[in-house]
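Some notes on the structure that comes next.
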Number of protein chains: 2
Amino acid sequence: MREPAKHSTRTKILIAAATLLGEDPTSRLSVRTVAARAGVSVGSLRHFFPTQQALIDTVIAGIYDLDIPDDPMQDTTSDPSDRLVACLQLLLSQVGTGERARDHWRAIHDVYVASPPSADATHAFVALERLNVHRIARWLSTMRDEGALAPGDVDVQARFLSTVVNGLSLERALPGDRERLAFEVHTLRTAADSVLQRRT
Amino acid sequence: MREPAKHSTRTKILIAAATLLGEDPTSRLSVRTVAARAGVSVGSLRHFFPTQQALIDTVIAGIYDLDIPDDPMQDTTSDPSDRLVACLQLLLSQVGTGERARDHWRAIHDVYVASPPSADATHAFVALERLNVHRIARWLSTMRDEGALAPGDVDVQARFLSTVVNGLSLERALPGDRERLAFEVHTLRTAADSVLQRRT
DNA sequence: ACCTGAACACCGTTCAAGT
DNA sequence: ACCTGAACACCGTTCAAGT
């Protein structure tokens, strides 16, 4: 086949936006600058991304979903801190970003916050959350075996990390999520390090 | 005497902005609308508030600073860790618990999550959050002066703590909140200690 | 020092018009 | 269906000019 650089207009736009964001993470990604960089008219951009929010959500989601390996805990070659951060990022990735994150919290809200949840729904939620905490606790146990974990109750540490992930995933659904991107990894790092043995 | 409405131009601007915000909490508070409502030129507005950010920050701060009880940070008799935990609990207490916490998140959801992120609401939200982080950062600066703070960027540490508080206040509105309450203080303690100088 | 309003360089969105 | 670019109604900031 070949069709060498036959990028669709949509793809060209996304590449242009990602490039601009790479050059300047604080870029506003305005219609005209993105369109110009993509070599496309603003009308054409609007055809694929009817609103500016749609464009930004799409490109941000693409960046988030770049590299997520599938069992970060097993990669014993890397730093314990790095591994734990990768695990937490895995949890975060399930919530998604932009409109997907909003969908996630919309569903949570409708079932558990909008009106008093049924006993069944409450039970399901608690079970799900327990599973989540348990998953984190298993990761922490691995680190404990390696002597990398700080002393303390693993369950308390796991709940703490769960809360941090909850906070971050919530913030992904709230305004300003794009600007917070740069701080997300720092927050995860701070959280991870606080349950790990302090470097001496 | 009387001098009936002898408000200074600066005050008139702030009143106009606050009024607009009262009429519509998602108002963008643009230069022209605020200036028009205040019966003042945009140049005059700019004279007192050189930047739009300055205007918004000032009016938000005015609303925010209405009810701030005593600052736990001033109680130098207690442990730095205890003091920071008390400050974070202060933030948490504003959300309340149980039905009040659910009301809180219902409101947040309706404005920011239910309908696609309106660019109008975004500005107000970001300003409010910035103020919140700023408040935490001020507490951390105090601790830094005492040599109690761990090295690192204060803004990153403040954002981390803000995320933890967000996560906890969210969890207060979700099922299982009564059981989680017991872990809350542990989570706050873990978060606080992670930005404080490790005890030696 | 305070205040004016025009001017500038942007912005997101819409839309008649082309292919 | 895809694409164009002008037009519209905004935006924040600057600034010569007045008092």
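Since we're looking at a predicted model, the values are computed, not measured. Numbers restart at 1 for each chain; the letters A, B, ... are given by sequence-line order, proteins then strands.
Between C/dC3 and B/Thr9, a contact under 4.0 Å exists linking OP1 or OP2 to a side-chain N or O.
The salt bridge (charged side-chain N to carboxylate O under 4.0 Å, His left out) pairs that include a residue from residues 34-43 of chain B are B/Glu23-B/Arg37, where partners are two or more places apart or lie in different chains. Within the structure, the salt bridge (charged side-chain N to carboxylate O under 4.0 Å, His left out) test picks out the following pairs touching residues 158-176 of chain B (sequence neighbours left out): B/Asp155-B/Arg159, B/Arg172-B/Glu184. Screening residues 107-116 of chain A for side-chain hydrogen bond (donor to acceptor under 3.5 Å, both in side chains), with sequence neighbours left out, gives A/His109-B/His109.
Checked against ring pair (Phe, Tyr, Trp, His ring centres under 6.0 Å), B/His104 has no partners two or more places apart in sequence or in another chain. Scanning for side-chain hydrogen bond (donor to acceptor under 3.5 Å, both in side chains) contacts around A/Thr11 gives A/Ser8, with sequence neighbours left out. Scanning for side-chain contact (heavy atoms from CB on, under 4.5 Å) contacts around A/Ala17 gives A/Leu29, A/Val34, A/Val59, with sequence neighbours left out.
For DNA chain D, the neighbouring residues in residues 37-52 of chain A, judged by any heavy atom under 4.0 Å, are A/Val40, A/Ser41, A/Val42, A/Gly43, A/Ser44, A/His47, A/Phe48.
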Donor-acceptor pairs are to be reported for all side-chain atoms of residues 126-136 of chain A against protein atoms at under 3.5 Å, with residues two or more places apart or in another chain.
residue	atom	partner	partner atom	Å
A/Glu129	OE1	B/Arg180	NH1	2.6
A/Glu129	OE2	B/Arg180	NH1	2.7

Could you tabulate the donor-acceptor pairs under 3.5 Å formed by side-chain atoms of residues 39-50 of chain A, not counting sequence neighbours?
residue	atom	partner	partner atom	Å
A/Ser41	OG	A/Ser44	N	3.1
A/Arg46	NH1	A/Phe49	O	2.9
A/Arg46	NH2	A/Gln52	OE1	2.5

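In this structure, A/Phe183 belongs to a hydrophobic cluster whose other members, linked by side-chain heavy atoms under 4.5 Å apart, are B/Val156.
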Map every base of DNA chain D to its dot-bracket character, where paired means a Watson-Crick or G-U wobble contact with both distances under 3.5 Å and | marks a partner outside the strand.
||.|||||...|||||.||

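The separation between A/Arg28 atom CZ and C/dG12 atom C1' is 10 Å, rounded to whole Å. Here the P atom of nucleotide D/dC10 and the CG atom of B/Leu29 are 16 Å apart, to the nearest Å.
Under the 3.5 Å distance criterion, the side-chain polar atoms of A/Ser141 are matched with a main-chain donor or acceptor of A/Ala137.
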Identify each atom pair where a protein N or O and an N or O of nucleotides 17-19 of chain D are less than 3.5 Å apart, giving names and distance.
none

